[in-house]
Amino acid sequence: MKMGKFKMRLYLPAVAKGLWVTMRRFFSRKETVEYPDQAKVPRKGYRGEHRLKKDEQGRMKCVACFMCQTACPAECIEIVAGPSPWPDRDKIPVTFNIDMLKCIYCGMCEEACPCDAIELTPTYNIVATSRADKIYDLHKLLSR
Amino acid sequence: MPKVKINGKEVEVAPGTLALKACLEAGVFVPHYCYHPGLTPAGNCRMCLVKVSNSRKLEASCMYPCTDHLEITTEGPDIDKARRDVLEFLLINHPLDCPICDKSGECALQDYTYTYRRGVSRFVEPKNIRPTKDLGPNIKIWGNRCIVCTRCVRFCEEISGTGELCVVNRGDHAVVDVFPGVPIDNPLSLNVVDICPVGALIDKNFLYSARVWFAQETKTVCATCSRGCNALVTSLDGRIKRIVARPNAAVNQYWMCDEGRRNFEYVASKRRLDSRRGTFEEMTSAARAIVKRYGSGSVGGVVSTYQTVEEMHLFAKLMKALEAPAPGILTAERGARQVFPGGFVIEADKTPNRAFAVRLWGEASVQDGLARVVTDIDGGRIKGLIVLNGIPHPPWPQAFLAAMEKLEFLAVIDILQSPVSDRASVVLPGTAWAEKDGVFVNVDRRAQRIHCVVPPPAGARLEVDTLQMALVALGARQAVVSAETVFGECAREYSEFAGLDYAKLGEHGVGLPEATESVSAAP
Amino acid sequence: MSLQLTQGFINELEALCARYPKREAALLPALRLLEQEFGSVTEEGMAAVAKRIGVSPAKVYGVFTFYTHYRRPTDGKYLLQVCATLPCALRGGLDLAGHLGNRLGIRPGETTPDGLFTLKKVECLANCDKAPCLQVNDDYVDVVNPETADEIVERIRSGTWKPELPPYSIPTTKYEPILLKHVLERDSFTVDHYLARGGYKQAERVIRTMKPAEVIELVKQSGLRGRGGAGFPTGMKWGFVPAASPKPKYLICNDDESEPGTFKDKMLTERDPHRVIEGILIAAWAIQSHSAYVYIRGEFGYGAQVLRRAVDEAAAKGFLGAKCFGADYRLDVTVHRGAGAYICGEETGLITSLEGNRGYPKIKPPFPAVEGFFRSPTIVNNVETLACLPLILGNGIDWFRKFGTEKSPGTKIFCLCGHVQRPGLYELPLGLPLREMIYDLAGGLPEGRALKAVIPGGSSAAVLTVDEVDVKMDFDSLAAAKTMLGSGGVIVMDDRTCMVEALWNILRFYHHESCGQCTPCREGTGWLDKILARLETGRGRPEDLGIVLEVCDEMVGRTICVLADAAAMPAKSIVQKFRPEFEAHVAQQGCPFKKNGQTRTVPVELAAENR
């Protein structure tokens with residue numbers, strides 16, 4: 001038997017090497033984030049849950065153009081349009097539902113929007129206790 | 001006949017044909033706004049400029065008559081530039097309304113800009129403002145979007161003859177408007193929304209209700225009167241959103257009346273019958289029992305002229321199988337026949353298929369049949385009645401409503417709840433005109449296809465299926481087949497349909513010859 | 001609520017309708033009747049007239065809103081219309097408008113709270129030698145400066161203002177006037193005065209002894225070219241009328257003088273109307289027309305009055321009517337007043353307006369000579385052209401060809417205006433050098449001023465610089481110099497004129513007057529106006545000059561009529577020939593002339609523009 005193969009067949013040196021790596025890691029910096037006591041701050045541009053934005057007067061910016069619904073690859077946006085109550089605006093969404101469980105958080109809706117009305121926020125906590133709770137309606141999206 | 005060359009290809013045209021028409025008919029597309037084949041040309045948008053051999057400068061092809069040996073060129077760098085330039089001019093005051101404009105997705109300005117231009121503007125001045133206002137009960141105008149092509153003005157002058165629209169002001173403040181206090185309110189008013197090339201004129205009923213690229217468009221035929229205007233129905237998620245006109249030179253030219261356009265709300269009405277009471281077997285066994293007990297002619301029928309050719313054909317077979325007399329025919333007439341200056345007609349007969357009922361049962365039967373059935377019921381001769389109706393607001397005569405109390409058995413195949421359906425012991429929900437395939441024969445004896453646009457309510461079943469199943473139960477038929485196959489049977493049975501099938505009826509229907517064998521009336 | 005029309009009104013309206021082949025052609029004069037009867041054109045009035053004539057109310061509304069010279073219910077008792085177009089602007093017209101606005105406390109387009117005055121800035125009133133010009137309701141007031149304007153306002157307020165016909169004057173030169181020979185004589189406009197100088201003899205001779213074809217041939221050989229602007233050979237135009245056609249023929253006299261810088265037809269109409277009528281007789285005979293119409297611009301209220309009186313006089317003498325001069329020839333002349341639209345000076349725009357519509361030009365071909373007024377053969381001739389006819393018929397072709405050049409024979413009434421010492425009408429043989437006209441005849445520029453630019457033929461003509469004033473003033477020489485003789489309106493600009501501002505003024509005119517029918521003109525004129533506004537008020541960008549030139553090219557040759565070309569030609573020539581001035585405006589972000597307080601024009605406020 002050759003020397004190299006012999007050394008390989010001895011398992012103790014390999015074990016020792018592995019244990020050395022483990023020990024090294026024991027005492028080095030931890031990557032763990034103690035969630036929820038510590039919150040992880042997502043990097044800039046992280047695509048989390050949506051919100052609908054408002055203008056300086058507090059009115060929703062969305063004009064129900066349907067670009068987001070058209071662009072969405074997951075077909076998770078449902079909009080019904082209606083006339084706006086303000087004299088200087090024509091159209092607003094009467095219904096605006098996003099199924100957050102179908103959504104793939106790609107951000108195409110934000111890119112497609114011509115009015116800067118929808119944005120994906122850094123909210124990554126997407127837990128709910130029922131499927132129904134994860135269909136965000138207009139009220140919920142505007143209040144975020 | 002003059003011969004002209006279009007992009008080098010020789011074409012023969014009728015004398016005096018306008019160059020644009022010649023190009024379009026030869027399959028060469030030339031972009032245009034103000035030209036419409038149903039209106040006199042105006043030549044003002046300047047989008048259709050082409051090079052012609054007789055002139056040094058580009059000419060508007062919509063106003064240029066074809067002469068022998070004329071050469072028309074529709075492609076080339078200077079023509080492309082002309083189109084780009086006209087579009088640049090149209091876009092400088094046009095508002096950036098695409099996100100909120102209903103015409104988006106079917107807008108000629110969008111389409112040509114996308115084809116001929118880049119989407120960059122060098123206009124940095126303040127845009128002109130023109131008012132957004134109601135022009136009439138059905139129509140609203142967004143003045144900023146108007147390109148003053150005057151199609152709508154010409155329509156009101158030439159086709160409806162009512163002249164409610166005009167262009168007001170001068171220059172780039174010109175916009176379409178009405179006389180103060182005289183709104184646009186004629187039976188054909190919504191056609192101007194069809195022909196507006198941009199999103200200036202909007203149907204208030206359709207406002208914001210659907211984005212057209214999500215919707216389906218189905219070619220069918222209107223059922224509101226016996227003209228049978230060719231229509232295009234826009235539907236989304238199983239609901240009809242609007243109806244617009246489809247051109248058919250033999251029926252409706254390019255137009256449709258407002259009543260036809262509005263006539264779809266009943267399809268989604270809460271009064272739709274959507275669950276059956278009883279079954280078709282109960283209907284056939286009850287009917288057969290009555291015939292056994294009281295003899296031939298004791299079961300009658302009433303059918304409306306809203307039914308398709310296939311349905312009427314099967315109903316006639318059902319009547320025969322039940323030894324019934326000629327059925328009563330329910331029709332609906334309202335007002336007088338209206339002929340408009342441009343040649344468009346609205347018929348007084350508000351049902352789509354009276355012509356075929358006449359074919360099957362004779363004119364006398366269509367006129368008096370229902371009264372005869374009422375008499376027979378009153379007289380005790382008819383004990384059981386099967387009603388097949390599709391008219392949304394059926395004008396049941398008072399005498400009939402009284403008489404039906406005397407019936408021992410009443411079965412109703414209908415679409416909306418009514419006193420008749422309430423009284424019936426068997427109610428089999430049927431399908432509205434937009435929910436089935438079939439054929440109508442219009443007042444000019446033209447057979448046209450209707451197409452299924454939206455699904456029927458859950459509990460409803462196609463009338464052709466119900467009738468066929470009843471016939472099978474009565475032993476009068478072997479199998480249940482599709483409406484198309486039933487039409488094939490009609491083609492074999494009725495000489496005027498000989499050789500026709502759904503494919504041959506196509507999108508514009510076929511004019512029928514006279515029937516050669518005598519009309520079959522009664523069993 | 002519908003308006004009750006008096007029987008008198010109805011009778012007048014019906015009489016009006018009877019003068020036209022179709023009732024709807026009476027629409028524009030019918031609106032004038034409403035104005036006279038009720039003080040303004042109201043909605044009820046329009047609805048009533050629509051019903052009477054048999055057109056839809058919307059049609060009437062569309063027509064009413066197209067024209068600018070109808071009184072609206074919101075107008076004050078005295079409509080102060082200040083001419084804002086280039087020749088008046090060069091002599092302080094815009095200053096005048098600003099002054100009046102300050103004085104009355106209102107902006108142009110607005111009415112004083114007491115309802116007494118409405119101030120309006122209007123386009124060329126065809127009175128350019130008496131600039132700055134003001135029209136109070138229907139009455140012209142000449143050479144108005146702020147002091148005289150104040151006086152007028154005071155007089156009106158105190159109820160002592162009476163409209164007065166301004167005095168007529170013509171500068172005298174070594175060239176003896178022919179058409180204008182008698183215009184300053186007392187009663188020159190009466191039929192007796194005209195008869196005394198041999199008037200109506202030629203018309204009588206033509207009708208009694210010459211065949212129509214002979215007349216056409218004679219006029220063809222005379223070489224007479226249209227004096228309205230296009231310069232088309234008159235005889236040749238007459239020859240296009242299909243004589244054998246069974247359709248009625250129409251002769252229309254174009255008295256819609258609106259080209260900025262032109263004011264000759266006004267003089268002929270008001271001071272020698274019979275000469276024009278005799279010309280109409282000759283032309284009508286030549287094309288065998290039995291119905292002639294004089295389309296006179298709406299602002300010439302007095303001129304229309306004079307013409308109507310002259311027509312009545314001629315009819316009373318038997319020169320017009322069922323048997324002209326006792327011969328078996330009928331000719332009815334109707335004076336048809338326009339209502340304020342430059343585009344109605346374009347022959348097809350005029351015809352469409354005469355038919356009772358918005359003044360939309362039509363695509364040519366078909367030409368009016370073949371298919372014109374209600375699709376019948378129609379000839380449209382300018383006032384001056386028709387006025388030449390009795391002279392040509394009377395003195396002969398050789399006499400006529402003595403003046404002018406081979407290709408442009410005869411005399412032409414030139415209208416000198418702007419920065420010259422002696423603005424006015426100059427009837428001169430065609431072919432004189434422009435330099436002679438300006439310096440020798442019109443007295444040159446004001447003291448201490450130098451010539452900067454000249455527009456030789458009304459504002460539609462390309463501009464000429466100082467180096468180009470030796471050009472001969474005839475149709476072909478000017479065409480060769482890449483400009484045009486046009487209507488003969490010579491607008492002179494001195495070295496204090498900002499060319500950017502001048503161009504802005506011109507483009508604003510075309511923007512205001514574009515009929516709006518076809519896309520390139522409708523949008524292009526507006527765009528050019530707005531760019532020039534930015535350039536002059538100090539918000540110009542370097543790329544704007546390129547855009548102006550490109551927009552001009554996008555308009556030319558693509559439209560139904562040549563208004564677009566008329567806007568583009570001066571724009572291109574001024575930008576190209578005075579480019580450094582435009583660049584200075586961009587570089588300095590403002591007008592260098594204004595900064596030195598050296599300009600006579602004032603920027604137009606875009607917001608308060610009345611439309």
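For clarity, every value in this text was computed on a predicted model and none was experimentally measured. In what follows, chains carry the letters A, B, and so on, assigned in the order in which the sequence lines appear, proteins first and then strands, with residues in each chain numbered from 1.
- Taking a cutoff of 4.0 Å between a charged side-chain nitrogen and a carboxylate oxygen, C:E543 and B:R122 do not qualify as a salt bridge.
- Residues B:A42 and C:Q517 share a closest heavy-atom pair of O-OE1, 4.4 Å.
- Contact count versus chain C (heavy atoms, under 4.5 Å) is highest, among B:P180, B:P65, B:C156, B:A60, for B:P180.
- B:I92 approaches C:E523 most closely through the heavy-atom pair CD1-O, 3.5 Å.
- Atom-to-atom distance recorded for C:L532:CG and B:E125:CD is 10.0 Å, nearest 0.5 angstrom.
- Contact of C:I560 with chain B is made through backbone and side chain together, with heavy-atom distances under 4.5 Å.
- Each of C:D553, C:I547, C:T525 has some count of heavy-atom pairs under 4.5 Å with chain B, and the biggest count is that of C:I547.
- In this structure, no portion of C:V55 lies under 4.5 Å from any heavy atom of chain B.
- In terms of heavy-atom proximity, C:A58 sits nearest to B:E164 at CB-O, 3.2 Å.
- Listed here is the closest heavy atom pair of C:G524 and B:F89: CA-CE2, 3.5 Å.
- The candidate with the highest count of non-hydrogen atom pairs below 4.5 Å against chain B, out of C:A47, C:S514, C:P365, is C:S514.
- C:I363 and B:M63 make their closest contact through CD1-CG, 3.5 Å (heavy atoms, listed as atom of the first residue, atom of the second, distance).
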Audit row: C:R558, B:K57, side chain to side chain contact (heavy atoms under 4.5 Å, CB included) steps and yes/no:
CA-CA 8 Å; C:R558 302 257 182 85; B:K57 55 184 182 110; over 6 Å; no

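- Interface remark: B:V124 contributes side-chain atoms only to the contact with chain C (heavy atom separation under 4.5 Å).
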Walk me through it: do C:R522 and B:L90 pass the test side chain to side chain contact (heavy atoms under 4.5 Å, CB included)?
CA-CA 9 Å; C:R522 176 180 76 238; B:L90 284 172; 3.9 Å; yes

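- Between chain B and the residues C:G526, C:P57, C:G62, C:G516, the largest count of heavy-atom pairs under 4.5 Å involves C:P57.
- Between chain B and the residues C:R534, C:M46, C:R358, the largest count of heavy-atom pairs under 4.5 Å involves C:R358.
- Contacts between B:S55 and chain C at a heavy-atom distance below 4.5 Å are absent for every atom of the residue.
- When heavy atoms are compared at a cutoff of 4.5 Å, B:E88 approaches chain C solely by way of its side chain, counted from C-beta outward.
- In this structure, B:V167 and C:T65 approach most closely via the heavy-atom pair O-OG1, 4.3 Å.
- For B:V168, the parts sitting under 4.5 Å from any heavy atom of chain C are the backbone and the side chain alike.
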Determine whether B:C166 and C:K59 satisfy the following criterion, side chain to side chain contact (heavy atoms under 4.5 Å, CB included), listing intermediate values before the conclusion.
CA-CA 6 Å; B:C166 58; C:K59 167 93 185 273; over 6 Å; no

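- In terms of modelled atom types and a separation under 3.5 Å, the side chain of C:T519 and the main chain of B:V86 share no donor-acceptor contact.
- Along residues 139-147 of chain B, the residues that come nearer than 4.5 angstrom to chain C, judged on non-hydrogen atoms, are B:I147 in order of number.
- C:E43 is listed as a side-chain neighbour of B:F179, based on a closest heavy-atom distance under 4.5 Å.
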